[in-house]
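Chain A is the first sequence line, chain B the second, and so forth, proteins listed ahead of strands; every chain is numbered from 1.
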Amino acid sequence: DAKTTQPNSMESNEEEPVHLPCNHSTISGTDYIHWYRQLPSQGPEYVIHGLTSNVNNRMASLAIAEDRKSSTLILHRATLRDAAVYYCILPAWGPNAGGTSYGKLTFGQGTILTVHP
Amino acid sequence: EAGVAQSPRYKIIEKRQSVAFWCNPISGHATLYWYQQILGQGPKLLIQFQNNGVVDDSQLPKDRFSAERLKGVDSTLKIQPAKLEDSAVYLCASRGTGQPQHFGDGTRLSIL
């Protein structure tokens with residue numbers, strides 16, 4: 001499985017943008033980039049995913065480098081509720097992945113995001 | 001839409017005892033997962049079901065852990081006998097076709 005590297009922790013102030021980086025230098029041409037986050041005492045929550053183009057949804061934006069060896073999750077205005085562990089994952093594929101972009105998830109340590117009021 | 005339901009929320013047992021966790025996935029989700037999350041680490045996949053069949057249990061410690069998904073809906077995960085190193089949060093997730101995984105809030109297991 002392709003590996004990802006994320007900083008252990010980052011800090012931000014409330015209402016400021018946050019850029020969470022992820023390196024995935026061994027990514028293959030068919031690997032999707034997924035982001036999940038885990039708030040305290042909750043299960044992980046899907047945030048966003050993409051393949052080549054930048055993606056936006058109501059939660060965040062995903063900026064993917066042209067060579068796809070890195071990506072950045074962007075929270076446009078951090079709130080205290082965004083304090084969580086953020087995981088960058090390249091889902092692994094297999095016969096049971098369902099033929100979609102949603103494969104097997106292997107979670108690393110993630111980035112602990114602290115948001116200051 | 002109702003989320004993934006798990007129970008109990010917390011469980012405390014002594015080592016060598018048995019314990020079972022229950023998961024009710026989102027209605028219509030054919031794929032169901034059990035994860036183990038040890039404090040300070042990311043979740044680790046234990047087993048994946050597609051309907052009521054096991055498709056990946058490569059990381060399930062089969063000498064003590066078992067799981068079933070009767071009728072392709074609810075699932076139970078059992079540990080027998082429990083060891084101290086099994087202290088963790090056990091997460092259940094489900095996924096519909098073409099959708100990301102949805103996680104429950106887990107069962108926190110403490111072994112004394």
Practice task
Answer yes or no: are there more than 12 heavy-atom neighbours, outside B:Ile12 itself, under 6.0 Å from its atom CD1?
Solution key: no

Exercise for the section: Flag yes if more than 12 heavy atoms outside B:Leu112 fall under 6.0 Å of its CG atom; otherwise flag no. Expected result: yes

Problem - Hydrophobic cluster membership, B:Ile47 vs B:Tyr35, 4.5 Å side-chain cutoff - result: no

Handout entry: Value rounded to 0.5 Å, distance of NZ in A:Lys104 from CG in B:Asp56
Key = 4.0 Å

Handout entry: Region of B:Gln37 that comes under 4.5 Å of a non-hydrogen atom in chain A
Key = side chain

Fill in the blank from the handout: To the nearest 0.5 Å, atom OH of A:Tyr46 lies from atom CD of B:Gln101 at 12.0 Å

Handout entry: Common cluster, B:Val19/B:Leu46, ILVMFWY with side-chain heavy-atom separation under 4.5 Å
Key = yes

Completion exercise
Here the pair of heavy atoms bringing B:Arg9 nearest to A:Ser41 is NH2-O, 2.9 Å

Practice task
Might you confirm whether atom CZ of B:Arg64 has over 12 heavy atoms from other residues, nucleotides or ligands at distances under 6.0 Å?
Solution key: yes

Practice task
Answer yes or no: does atom CD of B:Glu85 have more than 12 heavy-atom neighbours from other residues, nucleotides or ligands under 6.0 Å?
Solution key: yes

Exercise for the section: Answer with side chain, backbone, both or neither: which region of A:Leu105 has an atom nearer than 4.5 Å to a non-hydrogen atom of chain B? Expected result: both

Practice task
Quick one: which of B:Pro43, B:Gly40, B:Cys92 has the most heavy-atom pairs under 4.5 Å with chain A, could you say?
Solution key: B:Pro43

Problem - Rounded distance [0.5 Å steps], CG in B:Asp105 versus CD in A:Gln38 - result: 9.5 Å

